[in-house]
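When a ligand or atom number is given, it counts from 1 through the structure's own listing order. Any value given below was found using the heavy atoms of this structure, including those in side chains, with hydrogens, waters and symmetry copies removed.
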Amino acid sequence: MFNRIQETNSKTLAYAKELILNNQVVAFPTETVYGLGANALEDKAVENIFTLKGRPQDNPLIVHLHKEYDIEKLTEPPMPHLRQLIDKLAPGPITFILKSKKIVSNLVTANLDTVAIRIPNHPMAQAFLKEVDLPIAAPSANISTHTSPVTAQHVQDDFGDKLPLILDGGRSFYGLESTVCDITGEKPIILRQGFITADEIASIVGDCLQLSDTNKQEELKRLSPGTRYKHYAPNCKTTLFESNQISDLEKYAHDLQENGISFAILAESSAITGFQNYKVYNLGNTAKEMASNLYMYLREAEKEVENLLVLLPIGQSEILQTVQNRLKKACGKL
Ligand code: AMP
Ligand code: MG
């Protein structure tokens, strides 16, 4: 297969700009996961993203901006909390939902009155955004429902030669999608959990609600349609075990081995010791480590085994809950 992966330098950035101005799609690195970018102002360009990914049209996209881009070109005031939050958290792994001026294509926002804005921190994402100097709509650079990509090779694995260019920026530092935070109302509301937590946001602006604190859970389907779709699933069979189901996991592993079916166990460091006779993926010790290893191992598992047995890590922290949530979704449990 022809290798579309290129290192990010002045030559490839110039080519990326040419592609973007021709309404084509370019994959680029960010600190969360790799993105599939196109000009957010052009219907035709944005349409290409949906077609390539096989993404449902009612699932809106995040608009990525370089640091100097004036957000107010795209959004309506008032924007309570925006300045304070931008000062403290951007550029970084957080997406803000704001009132839209309807400058970006309606395909980007799925006809909602709001627009999702992110200023990524990855130097090569910034270099790409600065080079094109346009708002870039970019979902994760994977085929819809598949595990998000955290390396350029993951993007190539999904799209083969369908993409003209994949800018390489190494492994994504966080390895997990951005926190999505709605700041159109009086109090910020987290629509999708990520590395930036509600506690951190509350420490800046006084308060921040989790969706579960609101009566908006049903409304979420309207507020953030993407959350209702199957997500993050690797192309191998996955089975989820809660921490009180270890004996079920052991029995399942034993049966698979008896039947000659290849499998691996994904678990946190402290739980992995009991399974040393089997192939294991060690998620790590801390919630942050686990978050950053998650997609890497889901992608590795689908290449190496037919079955992945996932043991849910234990813990209450917001980031750990995020890891649990993504794992449940990857196993088709949410
Ligand atoms: P992805 O691009 O795959 O990381 O998904 C983007 C996420 O942002 C999805 O969960 C979308 O539903 C959410 N999103 C994008 N735009 C909006 C918006 N205007 N309002 C609420 N959620 C949004
Ligand atoms: Mg995605």
Check whether any N, O or S atom of S140, backbone or side chain, sits closer than 2.8 Å to the Mg ion (ligand 2).
yes
Check ligand 1 against R55 and write out every atom of the ligand that is under 4.0 Å from a heavy-atom position of the residue.
1 (P), 2 (O), 3 (O), 5 (O), 6 (C)
Under 4.0 Å from any heavy atom of L112, which atoms of ligand 1 are there?
18 (C), 19 (N), 20 (N)
SB check E72 R83 (cutoff 4.0 Å)
yes
Relative to each other, are the rings of F28 and F128 parallel, tilted or perpendicular (30° and 60° limits)?
tilted
Using a strict cut-off of 4.0 Å, indicate which atoms of ligand 1 neighbour a heavy atom of I97.
17 (C), 18 (C), 20 (N), 21 (C), 22 (N), 23 (C)
How about L308 and Y281: do any of their side-chain heavy atoms sit closer than 4.5 Å?
yes
Could you list which atoms of ligand 1 come closer than 4.0 Å to a heavy atom of T114?
18 (C), 19 (N), 20 (N)
Under 3.5 Å, is there a donor-acceptor pair linking the side chains of N142 and S140?
yes
If you measure every N/O of T109 against every N/O of ligand 1, is any gap under 3.5 Å?
no
Considering the heavy atoms of R192, write down every atom of ligand 1 situated less than 4.0 Å from one of them.
1 (P), 4 (O), 5 (O), 6 (C), 7 (C)
More than 12 foreign heavy atoms under 6.0 Å from CD of Q276: is that the case here?
yes
Taking 4.0 angstrom as the limit, do E177 and R326 come out as a salt bridge?
yes
Are side-chain N/O atoms of T32 and R118 paired as donor and acceptor at under 3.5 Å?
yes
Need the ligand 1 atom indices (1-based, order shown) with element for anything under 4.0 Å from a heavy-atom of N59.
9 (C), 11 (C), 12 (O)
Considering the heavy atoms of P139, write down every atom of ligand 1 situated less than 4.0 Å from one of them.
2 (O)
